[in-house]
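To start, the structure under review is shown below, and the notes come after it.
Only a predicted model underlies this, so the values are computations on that prediction, with no experimental measurement involved. A note on names: the letters A, B, ... follow the listed sequences, proteins ahead of strands, and every chain is numbered from 1.
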Amino acid sequence: MKRSRSVISRVLSQPAPLPSLASHLDDVRLFRHAHCRGVLSDDVFPPVLAACRFSPSLSCQVHALMVKTSANLHPVPATALLDAYSRCGLLNNALDVFDGMALRDTVAWNTLISCLVRHGLAADAVSNFRSMAEDGVAFTGFTLCSVLKACASLCAIRLGKQIHAWVIGDGDGSVIMATALIDFYSGCGMIQDAFDVFRGLNCEKDVAIYNSLISACIENRQFKEAFSILRMMKPNEVTLTCALSACSESLNLTYGKEVHCVMIRHGFDSDATLCNAVINLYAKCGEVTSGRSAFELIPRKNVVSWTSIIEAYGSHGHGIEAWKLFRKMVEEESNNVSPNAVTFLSVLSACGHSGLVNEGRECFFAMSNKYGLNPGPEHYACFIYLLGRAGRIEEAWDLYYNLSLDSNKLNSAVSIAMLNACKANMDLVRGEQVAKHLMEQDAENPGSYILLSNFYAAAGKWEKAESLRRLMRERQLKKEVGNSQFDVMCCS
DNA sequence: TTAGGGTTAG
């Protein structure tokens, strides 16, 4: 921020700006001022792009001005533009900027790779890392941190270990690199290697690396270790969010309440991310009312806050309350929050569990018609489950049949929902068609055999039910045994 | 003057 203000003020030939101008909005205003006075130069664009990197429309407007002044032809402003597009979600614009760059230095490649990782294109990130080397551009620690993230998503252990070996050889003992390595090993399920990186670090450890190790423990279900690390450190908001996540995952409500108290004592109770983790803790541990209280106290509720509380009610069978909250979310204009795909899934699921067919239908169609969101297979599965449970087998079948014409929209979750609908409505003919799809989609999943076997058993087709169990044994497929956990409260 | 690490909802 300091840098951006000084650059702009230099352009305007003005004295140092007032401290009150230190916001993104002020940067943009100053930029507009500079533009009106016709004093735009290449070095104005990077700080302004950093200021409007969360706004697609502002990024596009600045891009237009860059074309007008030819600033887009220079690597530094062009890289800043690529980064702005990447951060505000315009992936194709970002890639076009990179393609149009005549000179691509290390930073430009790093920004591209980081952009691809941010948008979930890990394989493309790795292939561009290789292209970078082929083009003779030297990589840096920045590059490797992004590539390690891609390796974790792809579970590319070999490449990740090669990078680790290179880091050791290069003598990069930075805490940032160590954090990236911990994330990589954790993502690949190699928690001991993550601990080895942590123990082997010779420089001062900061709060982020502790947080990373706690997250690694949670991801690998090592809750005891996560709590031990917590006791050794001075927590910040992120630490407490991780701690709450550990409590939710391990259903440790007692410790979760302690963390909630610590959070209030530290004055972190207006942090939306942390408050959302509190809602999730209470919901997972069955205390929906406490979750609701936490929700009501959040000063600026975001889409995750709303979705968390809707999910909390829905998963505990309170479909009507979940529906009411959804209506409140979309009707209160002051919220300035729109439901996303996860919100719709939570609402559909809540309606399904409570038999709210009309509400579920309204929600399903509003998703695309009103909010422009394409339902994914998980939304179709939820809606078909809801229809089947309510005896609307014809409507469920029409939807399923149309989906079966487009393989991108049909997966095993949708087929399982349809098979359950057929089972609930004793529709053997359609059920057998779905069973065929399911075995094509997921023949390695023991759950599919159990489901099909149960379907035939419910229809009285015992021989078919038994033959599926036999086939499962022959293929040595074993379903993982389910388990439940509960705390026993002792009152003296 | 551009790029890298830790957190929340299904």
Side-chain angles (χ1 to χ4, degrees), chain A residues 3-4 6-8 10 41-50 53 71 74-84 86-87 97 101 105-115 117-118 139-149 172 174-184 186 206-216 218 235-246 248 268 271-281 283-284 298 302-312 314-315 339-350 376 378-379 381-382:
Chain A
R3 189 180 55 210
S4 66
S6 67
V7 168
I8 295 170
R10 202 167 63 232
S41 62
D42 290 352
D43 57 359
V44 175
F45 289 103
V48 169
L49 284 163
R53 57 180 30 165
H74 298 100
V76 172
T79 303
L81 179 65
L82 159 55
D83 189 52
S86 164
R87 287 177 195 268
V97 170
M101 287 174 76
D105 60 9
T106 298
V107 180
W109 279 99
N110 288 353
T111 314
L112 172 75
I113 292 169
S114 158
C115 164
V117 172
R118 179 178 293 122
F139 60 78
T140 62
F142 281 74
T143 328
L144 299 182
C145 284
S146 296
V147 178
L148 279 170
K149 263 195 176 180
D172 184 344
S174 74
V175 69
I176 292 180
M177 184 58 79
T179 308
L181 283 165
I182 288 173
D183 289 345
F184 157 69
S186 165
D206 62 11
V207 69
I209 197 165
Y210 276 102
N211 291 344
S212 173
L213 196 63
I214 292 170
S215 291
I218 299 168
N236 67 3
E237 295 97 317
V238 178
T239 320
L240 295 182
T241 309
C242 293
L244 287 169
S245 173
S248 309
F268 294 150
D271 183 305
T273 305
L274 192 44
C275 292
N276 295 342
V278 172
I279 300 174
N280 192 36
L281 164 81
K284 288 259 170 72
I298 304 176
N302 61 25
V303 64
V304 180
S305 318
W306 285 96
T307 307
S308 301
I309 194 66
I310 290 170
E311 173 64 29
S315 61
N340 64 18
V342 184
T343 318
F344 281 105
L345 194 61
S346 294
V347 180
L348 280 169
S349 168
E378 63 279 16
H379 298 94
C382 232

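Heavy atoms of A:Asn236 sit under 4.0 angstrom from at least one base atom. Looking at heavy-atom distances under 4.0 Å, A:Thr179 makes contact with a base. Heavy atoms of A:Asp206 sit under 4.0 angstrom from at least one base atom. Using a 4.0 Å heavy-atom distance criterion, A:Val278 is classed as making no nucleic acid contact.
The nucleotide whose nearest atom lies closest to any side-chain atom of A:Ala277 is, among B:dT8, B:dG5, B:dG6, B:dT8. The A:Asn340 side chain lies nearest to B:dA9 when the options are B:dT8, B:dA9, B:dG6. Of the listed nucleotides (B:dG5, B:dT2, B:dG4), B:dT2 has the atom at the smallest distance from the side chain of A:Val107. When each of B:dG6, B:dG4, B:dT2 is scored by its nearest atom to the side-chain atoms of A:Ser215, the top-ranked nucleotide is B:dG6. Relative to the side chain of A:Glu378, the nucleotides B:dT1, B:dG10, B:dG4 differ in distance, and B:dG10 lies closest. The side chain of A:Val238 approaches B:dG6 more closely than any other nucleotide in the set B:dT1, B:dA3, B:dG6.
In this structure, CG of A:Leu181 is placed 14 Å from C1' of B:dG6, rounded to the nearest angstrom. Counting to the nearest Å, the C1' atom of B:dG6 and the CG atom of A:Leu274 are 14 Å from each other.
At distances below 3.5 Å, at least one donor-acceptor pair connects side-chain atoms of A:Thr179 with backbone N or O atoms of A:Val175. With hydrogens and angles disregarded, a donor-acceptor distance shorter than 3.5 Å links the side chain of A:Thr241 to the backbone of A:Glu237. Of the possible donor and acceptor atoms, one in the side chain of A:Asn276 sits under 3.5 Å from a partner among the backbone N and O of A:Ala272. In this structure, A:Ser86 contributes its side chain and A:Leu82 its backbone to no donor-acceptor pair below 3.5 Å.
OP1 or OP2 of B:dG4 lies within a sub-4.0 Å distance of a side-chain N or O belonging to A:Arg118. At the phosphate of B:dT8, neither OP1 nor OP2 sits under 4.0 Å from any side-chain N or O atom of A:Thr241. The phosphate of B:dG4 has neither OP1 nor OP2 within less than 4.0 Å of any side-chain N or O from A:Lys149. Look at A:Asn280 and you'll find a side-chain N or O under 4.0 angstrom from OP1 or OP2 of B:dA9.
For A:Arg118, there are no salt bridge (charged side-chain N to carboxylate O under 4.0 Å, His left out) partners at least two apart in sequence or on another chain.
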